[in-house]
Amino acid sequence: MMTIMSSQFQPVLDRIASEIAGTPARGRPADYIPALASRDPRSFGMAVAEPDGTVYGVGDWREPFSTQSITKVFTLALDLAREGAELWEHVGREPSGNPFNSLIQLEYENGIPRNPFINAGALVVTDRLHSRTGDAAGELLRFLQAESDNPRLSFDAEVAASEARHGDRNAALAHFMASYGNIGNPVPELLDQYFRQCSITASCADLALATTFLARHGIRADGTRLLSRSQAKQVNAVMLTCGTYDAAGDFAYRVGLPGKSGVGGGIIAVVPGRCTLCVWSPGLDERGNSVAGVAALDRFTTLTGLSVF
Ligand code: GLN
């Protein structure tokens, strides 16, 4: 079995960045949220964080980008920490096999979304966190600031407004679930929370650090416990099976780690007990996952042997 020392992370990252730089196919930035469309698909950054807070990085690893659906991991953790297993009566934990913004399963599954990482499921989680805290997006932002030790993390008002203007599909999902009694807050208030949540801007370094509580089996950066060991295992498991939507099988096959993507081009991944990763490159494939991001994580687990399998 291959073993890798921490000191080997930097050469591995450097090697991956130079391999990626030689790859022409990079996908296309998301254009259904106009504020994201202008990012350069050749941008590439990658960071690895260790449980003690040491971070290694390469390329644009300190460049802020739009976190989008990556935030769904953190709202899930924050809500699960508060309400525990009751959450699973309102959202499932099965892969959907459908695009992240699909409406199709919701009617025949009575307004209960398949999992917390498709948009419908994330709306339910944010709604429940909002009911408990009165400020779901603020709660999330403060958590990310604390875990990344970066108080400058913030919402991007332009991205949130852009998404709100083009948010008919998310509005449809929220109204439809409300008709089944699975949304507690007024839909416009929930959408405002959700769009602000998705608009948070952070770098690979910030997000790799913010994810380390999952590599530490639920323990936050300050040593306090957010999730039980078992809950941290559950979040990692749902990331593995549902974190990259209808490409989760292919992601598990290629990367072999719990991961979560966002249409801003970022992907976070966890090697439980060992390290966390965040990679960013804005060009997406047709399922909404970063082309260079998946390729880089694939190379990382291949080169290091660090995978859950
Ligand atoms: N804000 C985006 C949306 O709701 C998030 C989707 C994503 O990153 N996959 O459509």
Side-chain angles (χ1 to χ4, degrees), residues 27-37 39 64-76 91 95-104 106 113-127 129-130 136-137 140-141 144 155-177 183 187-188 190-202 204 207 211 238-239 241-248 250-251 259-269 278-291 293-294:
R28 291 179 38 184
D31 54 8
Y32 77 102
I33 304 172
L36 300 183
R39 298 308 298 251
F65 62 88
S66 194
T67 56
Q68 296 296 321
S69 283
I70 290 175
T71 58
K72 293 170 183 171
V73 171
F74 304 102
T75 48
L76 172 64
V91 59
S96 72
N98 277 309
F100 63 81
N101 56 5
S102 172
L103 281 141
I104 206 151
L106 268 184
R114 273 289 172 101
N115 69 67
F117 294 151
I118 51 174
N119 287 11
L123 285 161
V124 168
V125 172
T126 298
D127 178 63
L129 184 62
H130 194 53
L140 167 68
L141 181 63
L144 294 176
F155 302 113
D156 183 327
E158 192 206 332
V159 170
S162 167
E163 187 158 6
R165 276 195 301 279
H166 298 82
D168 291 331
R169 210 165 240 275
N170 285 316
L173 290 167
H175 281 293
F176 198 59
M177 292 189 291
I183 294 293
V187 168
L190 168 59
L191 290 174
D192 176 61
Q193 288 288 321
Y194 175 76
F195 293 144
R196 286 203 297 137
Q197 161 185 336
C198 291
S199 82
I200 292 174
T201 292
C204 290
L207 289 171
T211 309
V238 180
M239 286 172 74
T241 53
C242 310
T244 44
Y245 321 115
D246 43 340
D250 191 56
F251 187 84
K260 181 77 203 81
S261 60
V263 291
I267 308 176
I268 56 171
C278 181
V279 58
W280 170 63
S281 185
L284 308 179
D285 61 23
E286 65 286 355
R287 281 138 159 190
N289 299 311
S290 168
V291 173
V294 176

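Quantities reported herein were computed from a predicted structural model and do not represent experimental measurements. Residue numbers run from 1 in the order of the sequence given. For the numbers below, each heavy atom of this structure counts, side chains included, while hydrogens, waters and symmetry mates do not. As the structure lists them, so they are numbered: ligands from 1, and atoms in each ligand from 1.
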* To do: Indicate whether the side chain of T126 and that of Q197 have a donor and an acceptor atom separated by less than 3.5 Å.
  => yes
* Partners meeting ring pair (Phe, Tyr, Trp, His ring centres under 6.0 Å) with F155 (sequence neighbours left out) -> none
* So, K72 versus T75: side-chain donor-acceptor pair below 3.5 Å or not? -> no
Distances only, to 0.1 Å: what are the N or O pairs between ligand 1 and the protein that fall under 3.5 Å?
residue, atom, partner, partner atom, Å
ligand 1, 1 (N), Q68, OE1, 2.5
ligand 1, 1 (N), E163, OE1, 2.9
ligand 1, 1 (N), E163, OE2, 2.5
ligand 1, 4 (O), N119, ND2, 3.0
ligand 1, 4 (O), E163, OE2, 3.0
ligand 1, 4 (O), N170, ND2, 3.0
ligand 1, 4 (O), Y194, OH, 2.7
ligand 1, 8 (O), S69, N, 3.1
ligand 1, 8 (O), S69, OG, 2.7
ligand 1, 8 (O), V263, N, 2.8
ligand 1, 9 (N), S69, OG, 3.0
ligand 1, 9 (N), Y245, OH, 2.8
ligand 1, 10 (O), Y32, OH, 2.5
ligand 1, 10 (O), N119, ND2, 3.2

* To do: Not counting sequence neighbours, which residues clear side-chain hydrogen bond (donor to acceptor under 3.5 Å, both in side chains) with Q193? List them please.
  => none
* **Flag for N289-S261: side-chain donor and acceptor within less than 3.5 Å** => yes
* Asked: Can you name the side-chain hydrogen bond (donor to acceptor under 3.5 Å, both in side chains) partners of S281, sequence neighbours left out?
  -> none
